[in-house]
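Okay, so here's the structure we're looking at.
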Amino acid sequence: MKIKFCGASIGVTGSCHLMTTDKHQILLDCGQFQGGKSMEAMNEEPFPFDPENVECVLLSHAHIDHCGRLPLLVKRGFKGLIYCTDATADLLDVMLKDSAYIHEKDAEMQSRKNVRVGKPPVEPLYTIKDAEAALKLVKPVLYDQLIEINPEIKIVFNDAGHILGSAITELWITEGESTSKIVFSGDLGVMDRPILRNPIKIKKADYVIMETTYGNRLHEANATSIDQLIKITIDTIKRGGSVIIPSFAVGRTQELIYQFNMFYEGHPEYQKYLENVNVYIDSPMATTATEVFKRNAQVFDEETKAYILNGDNPLDFKNLKFTRNTADSQMLNEDKSPKIIISASGMCEAGRIRHHLKHNLWDSRNSIVFVGYQAEGTLGRMLVQGAKEVKLFGETVVVNAQIHNLEGFSGHADQKGLLDWLSGFQQKPKQIFLVHGELNSKQDFAKLIHENLGYDPVVIMQNSEFELETGQLLSREDVISEVMDEEGIEELKDKITNIKEELSKMLTDAEGAMEQKLSADKLHQINNIVLELEKASANLGSSITSEDRDTTPLSEQKGM
């Protein structure tokens, strides 16, 4: 039996893992790469397998970095079934059509630019028609339902607590006389959060494929972030500004609606500040996704079910407004009265949020509040790291608004949550593969696992394939170097130059201060720069030799 890591191997997007036996090929997720140009260029690359040979896809959840290339998979020949939970199936209809619409519009815009300079038009990655073809292949199943894919493969989806319908997948795969159990974590959620149930702990597995998004970081307590959110909101309203929240349309937006419901209806002391302030959900997809949430109350946690049974819909309140058309969205920026705008995308890479940032970043009365992970290369990451100006729609915009990053709202388990989940196994897995994390996150978490549990996990660094039974590394590819074009290399060079200049300035400041200690903020900035340099170095590194590809046993690849 073999496993090939075809995505989420060098970062937190593009989740895609191929399981191969002597009779079958099945795919765990088929997500889209998101981030800078070099990452997004990977979506155009051929799959490192033949889609026609894949028997089925087991989908962990409906976030685009896990499902976003399903229409492309179908476009390139896949004809099998896509298994997922029933709630995920409902969300997929929203997510894939929206993603296809964006690809069509992006291609249309780029084609117009190309024609003006004598270049040929471009084709979208996939179309709405492709998305509809993929949706016809979706096979919804229930949590805890044993599904026989074929005589050799059985699966069960368990609640992952990450977003509505998210799943931890258990697979029992028989090859010859031997049956192995593989557990794919998908994205793990946070314990004791509103709306969703806690992630299920699995007791036994031979092999574990595990995400590490926050493998080296701890979230502040959710209660702390909630307190900060209301304080930021009230302080901003007092100075006549608006609160702009970039948020993922599925999951995070619904949790924010829940929380603002508590502020508006459960805390009389906030009313004098909030009674005339509306909360706008300015995202057609978030609006539709919220309706999907309301239709799937069967998978809510007990507290949320109790609210519903008592006649209080936690996803609705008087000051909550949904905008669907462009004109309504534009009016939000023409109206200068204080308001709260929650808009996609969560990393500010597309959607209406970019327009709201253009109209609000320059005004010091406003606050921009981030409530989720910001991937490397995204506009959100730039703002969180302290960018003084950004480009939006070809225009340079200064950053005068207050920038806040409330990690307590993250839908991903932090380092402690990940370790607690892994500690739930009652017998030692034969191997653990760490994916879906930036390099330093995977490496730090691997060290923590070894120190606390005595396991020696494999850190996946590039697309690579392993023979499970023998632990042999069969192949490994340097993904970045294969897709980075001249423009991408120049972009990376500019980034390294900026890093060097910033580090030099910080060191000069430190020397000037002499005996003064560096502030926590300065140390955080320097740490980020070190991580940037490490990443740039890794991305420009060379691939392993062909001799290494065929002979290096997994036992010697620890922490690779």
Side-chain angles (χ1 to χ4, degrees), residues 12 63 160-164 166 187-199 211-236 243-264 266-267 270 274 279 286 300-301 303-304 314-315 340-348 353 367-375 378 380-381 383-386 401-421 436-438 441 444-445 448 520-521 524 527-528:
V12 298
H63 274 153
H162 173 59
I163 66 166
L164 187 77
S166 60
D187 284 354
L188 295 169
V190 181
M191 298 288 288
D192 302 322
R193 294 294 289 276
I195 304 177
L196 301 179
R197 297 179 296 202
N198 290 335
E211 68 115 328
T212 56
T213 309
Y214 283 98
N216 64 345
R217 292 160 68 183
L218 297 174
H219 299 326
E220 64 185 14
N222 183 238
T224 302
S225 285
I226 290 171
D227 290 343
Q228 288 179 319
L229 178 61
I230 189 60
K231 183 180 186 305
I232 292 165
T233 300
I234 291 175
D235 288 348
T236 305
V243 178
I244 314 299
I245 307 179
S247 179
F248 301 103
V250 177
R252 207 63 39 79
T253 292
Q254 289 72 37
E255 184 179 346
L256 287 169
I257 292 173
Y258 180 101
Q259 197 54 63
F260 275 109
N261 185 0
M262 300 299 110
F263 291 156
Y264 276 79
H267 293 272
Y270 301 150
L274 300 177
V279 177
F300 289 175
D301 63 15
E303 181 181 12
T304 306
L315 296 178
I340 299 158
I341 302 174
I342 302 172
S343 187
S345 70
M347 298 184 195
C348 308
I353 188 62
S367 294
I368 315 300
V369 181
F370 289 93
V371 291
Y373 187 82
Q374 304 302 309
T378 63
R381 182 72 161 253
L383 290 170
V384 167
Q385 290 185 336
Q402 293 189 14
I403 308 297
H404 303 271
N405 187 25
L406 305 185
E407 289 190 354
F409 281 103
S410 173
H412 282 272
D414 65 1
Q415 184 186 73
K416 181 180 182 302
L418 293 172
L419 191 65
D420 285 348
W421 182 81
H436 204 284
E438 294 179 4
S441 181
D444 289 351
F445 190 57
L448 188 73
D521 180 64
H524 179 66
N527 181 61
N528 283 340

>> Within the structure provided, determine whether Ile234 and Ile230 are in side-chain contact (heavy-atom separation under 4.5 Å).
In response: yes
Item to check | Residue pair Leu164 / Val250, side-chain heavy-atom distance below 4.5 Å | outcome: no
Those residues at least two apart in sequence (or on a different chain) that pass side-chain contact (heavy atoms from CB on, under 4.5 Å) with Ala286 are Ala249, Thr253, Ile281, Ser283
Taking every heavy atom of Ser345 against every heavy atom of Pro246, the minimum-distance pair comes out as O-CB, 3.8 Å
- Within the distance-only criterion (no hydrogens, no angle test), does the side chain of Arg252 pair as donor or acceptor with the backbone N or O of Gly346 below 3.5 angstrom? no
Residues passing the side-chain hydrogen bond (donor to acceptor under 3.5 Å, both in side chains) test with Ser367, sequence neighbours excluded, are Thr236, Arg239
Heavy atoms of Met191 and Pro199 approach each other most closely as SD-CD, 3.8 Å
Flag side-chain contact, heavy atom, 4.5 Å: Asn222 against Glu255: yes
Can you confirm whether Thr233 sits close enough to Phe263 that some side-chain heavy atom of one is under 4.5 Å from a side-chain heavy atom of the other? no
Checking Gln415, Glu438, His436 against Thr213 for side chain to side chain donor-acceptor pair (under 3.5 Å), the one that qualifies is His436
Smallest heavy-atom separation, Asp301 atom then Pro194 atom, equals OD2-C, 3.8 Å
In this structure, CD1 of Ile226 is separated from CG of Leu256 (nearest 0.5 Å) by 10.0 Å
Of all heavy-atom pairs linking Ala413 and Gly189, the shortest is CB-O, 3.3 Å
Does the Arg193 side chain pair with the main chain of Ser410, one donor and one acceptor, at a distance under 3.5 Å? yes
What I'd like to find out is whether the side chain of Asn261 reaches to under 4.5 Å of the side chain of Leu315, using heavy atoms alone. no
query = Relative to each other, are the rings of His412 and His162 parallel, tilted or perpendicular (30° and 60° limits)?
reply = tilted
Evaluate the criterion salt bridge (Lys or Arg N to Asp or Glu O under 4.0 Å) for residue pair Lys231 and Asp235; output intermediate values, then yes/no.
CA-CA 6 Å; Lys231 183 180 186 305; Asp235 288 348; 2.8 Å; yes
Smallest heavy-atom separation, Asn198 atom then Val190 atom, equals OD1-O, 4.1 Å
Ile403 meets the side-chain contact (heavy atoms from CB on, under 4.5 Å) criterion, sequence neighbours left out, with Leu361, Ile368, Phe370, Val399
**Message:** Please check this pair: side chain of Thr212 against backbone of Ser441, looking for a donor-acceptor N/O pair closer than 3.5 Å.
**Reply:** no
Problem set entry | Side-chain heavy-atom pair Tyr258, Thr304 within 4.5 angstrom cut-off | yes
Considering only heavy atoms from C-beta outward, does the side chain of Tyr214 approach that of Lys416 to under 4.5 Å?
no
Discussion item. Using side-chain heavy atoms (C-beta onward) and a distance below 4.5 Å, is Leu406 in contact with Ile232?
Written reply: yes
One should read off an interatomic distance between His63 NE2 and Asp187 CG, to the nearest 0.5 angstrom, of 8.0 Å
OG (Ser247) and CD (Gln254) are apart, to the nearest 0.5 Å, by 7.5 Å
